Amino acid sequence: MLSVKDQINPEHLPRHVAIIMDGNGRWAKSRGKERTYGHKSALTAVRDAINACNEIHIPYLTLYTFSSENWNRPNDEVNSLMDLLAETLLLEAEEIFTKGLRLHIIGDIEKLPDLVRDQLQNVMDLTKDNKRGNLILALSYGSQKEILNAVKQISSKVKAGEISEDDIDEKLFEDHLYTKDFPPVDLMIRTSGEVRISNFLLWQMAYAEMQFLDMLWPDFNRETFFNCILDYQMKERRYGKTSEQLEHE
């Protein structure tokens, strides 16, 4: 019997997968532990997602690591998350490099602690020439703010006479987003049973397939990822066209 991975069609893979890693706190609470225990335990799921993506050669993986709204959580939890992020970057830098992945960061990183920003920059510098795949961490990220920033930048250019209103199209707008160097999201996965996208890549997911899993993030593993890809491959992606039109292309 074929394994889940062996059932995947390598000719029909998403180029860009995005994951909302939700449920760490609930996972810990169900075990009588503090929320930080859930965040630490979730690192195995993160590694499994990265490894599975790398194994089947999906070139872009974006992980919703810390949202702009997460700054509103209790200070102790935020501080613990920042400490964990800095520690994890130190431990995982060599692993990311040896896998041939390039690290990218999207979001308002100026709000991050200096230590975390330095660690992120170190890993980005270390991996900048890697070409096997792209690991994108959404940190201090909010899609609405990203879109507003793009509008402000374009408005300033119009006002300065650098571009005209007629120059503004989808491509120009996308060139002012954090994700200007990445393709649109093909598949979005969210754990925890919640059915919402929480201010994540709103523009970039316009035509993404979405899967909402009834499991908490620390329980996510390599086989879960492969099952999500199999499910994706069963979908007909029409982009507004009919099935008959696609057959004749």
Side-chain angles (χ1 to χ4, degrees), residues 16-30 33-43 45-46 49-50 60-89 103-117 119-121 124 135-153 173-174 176-180 182 184-185 187-206 208 210-220:
H16 189 172
V17 176
I19 304 179
I20 300 176
M21 307 178 292
D22 193 20
N24 296 343
R26 276 169 281 174
W27 187 89
K29 186 177 180 181
S30 70
K33 303 284 188 179
E34 296 292 327
R35 292 175 61 85
T36 51
Y37 176 76
H39 296 312
K40 291 178 181 177
S41 299
L43 293 177
V46 172
I50 294 170
Y60 296 90
L61 173 65
T62 299
L63 301 178
Y64 204 6
T65 309
F66 190 86
S67 76
S68 53
E69 290 78 18
N70 287 155
W71 291 113
N72 297 321
R73 291 187 175 186
N75 286 336
D76 287 348
E77 182 176 354
V78 171
N79 292 336
S80 294
L81 281 167
M82 291 297 113
D83 290 343
L84 179 61
L85 179 57
E87 178 184 338
T88 302
L89 287 165
L103 180 69
H104 308 266
I105 308 299
I106 59 173
D108 185 8
I109 61 172
E110 292 306 312
K111 293 186 70 173
L112 298 171
D114 291 345
L115 175 61
V116 174
R117 286 207 311 273
Q119 296 286 14
L120 290 169
Q121 191 60 57
M124 287 191 287
L135 173 60
I136 305 148
L137 301 184
L139 279 164
S140 189
Y141 174 84
S143 189
Q144 290 177 331
K145 183 173 182 180
E146 175 188 25
I147 290 170
L148 283 174
N149 285 343
V151 171
K152 290 177 181 178
Q153 290 175 46
F173 186 81
E174 288 168 356
H176 290 80
L177 296 174
Y178 296 136
T179 53
K180 62 182 182 297
F182 315 135
V185 175
L187 170 62
M188 190 283 292
I189 302 166
R190 179 176 185 146
T191 56
S192 84
E194 303 289 354
V195 184
R196 58 177 179 268
I197 55 178
S198 299
N199 198 18
F200 183 46
L201 298 174
L202 300 176
W203 176 278
Q204 298 86 344
M205 292 200 296
M210 297 187 183
Q211 298 183 22
F212 299 94
L213 308 183
D214 192 19
M215 66 162 51
L216 302 177
W217 177 247
D219 294 323
F220 188 97

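This is a predicted model, so every value here is computed, not measured.
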Hey, are the side chains of [X] and [Y] touching, using non-hydrogen atoms and a 4.5 Å cut-off?
X    : Y    : result
E146 : I106 : no
W203 : L177 : yes
L120 : L112 : yes

Out of curiosity, [X] [atom1] to [Y] [atom2], how far, rounded to the nearest 0.5 Å?
X    : Y    : atom1 : atom2 : result
I105 : T65  : CD1   : OG1   : 7.5 Å
S68  : K111 : OG    : NZ    : 7.5 Å
L139 : I109 : CG    : CD1   : 8.5 Å
L135 : T62  : CG    : OG1   : 8.0 Å
K33  : N24  : NZ    : CG    : 15.5 Å
T179 : Y60  : OG1   : OH    : 11.0 Å

Taking only residues two or more places apart in sequence or in another chain, which ones pass side-chain contact (heavy atoms from CB on, under 4.5 Å) with E194? D22, R26, R190, S192, R196

Identify the two heavy atoms, one from [X] and one from [Y], that lie closest to each other, and give their separation to 0.1 Å.
X    : Y    : result
E174 : K180 : O-CB, 3.4 Å
L61  : A49  : CD2-O, 4.0 Å
F212 : V195 : CD2-CA, 3.7 Å
M215 : T191 : O-CB, 3.2 Å
L187 : Q211 : CD1-NE2, 3.5 Å

Side chain to side chain contact (heavy atoms under 4.5 Å, CB included) evaluation trace for Y64 with L201: CA-CA 9 Å; Y64 204 6; L201 298 174; over 6 Å; no

Any donor-acceptor pair under 3.5 Å linking the side-chain atoms of S80 with those of D83? no

Heavy-atom donor-acceptor pair, [X] side chain to [Y] backbone, under 3.5 Å:
X    : Y    : value
N199 : S143 : yes
S41  : P218 : no
N70  : S67  : yes
R117 : E110 : yes

Knowing that exactly one of F220, Y37, W217 qualifies, which makes a ring-ring contact (aromatic ring centres under 6.0 Å, His included) with W27?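 Going through F220, Y37, W217 one by one, the ring-ring contact (aromatic ring centres under 6.0 Å, His included) with W27 is satisfied by Y37 alone.
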
Excluding sequence neighbours, so at least two apart, what forms ring pair (Phe, Tyr, Trp, His ring centres under 6.0 Å) with H39? none

For the residue pair Y141 and F200, categorise the inter-ring angle as parallel (less than 30°), tilted (30 to 60°) or perpendicular (more than 60°).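 Y141 and F200: perpendicular rings.
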
Decide side chain to side chain contact (heavy atoms under 4.5 Å, CB included) for D76 and T36; before the verdict, give the C-alpha distance in whole Å, the side-chain angles of both, and the deciding distance to 0.1 Å. CA-CA 9 Å; D76 287 348; T36 51; over 6 Å; no

Kindly write out the residues that satisfy salt bridge (Lys or Arg N to Asp or Glu O under 4.0 Å) with D108, not counting sequence neighbours, or none if the list is empty. K145

Test log, rule side chain to side chain contact (heavy atoms under 4.5 Å, CB included), inputs F66 and L81: CA-CA 9 Å; F66 190 86; L81 281 167; 3.8 Å; yes

The single option from Q204, H16, M205 passing side-chain contact (heavy atoms from CB on, under 4.5 Å) against M188: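 Going through Q204, H16, M205 one by one, the side-chain contact (heavy atoms from CB on, under 4.5 Å) with M188 is satisfied by M205 alone.
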
Can you list the steps and then say if E77 with E34 is a side chain to side chain contact (heavy atoms under 4.5 Å, CB included)? CA-CA 10 Å; E77 182 176 354; E34 296 292 327; over 6 Å; no

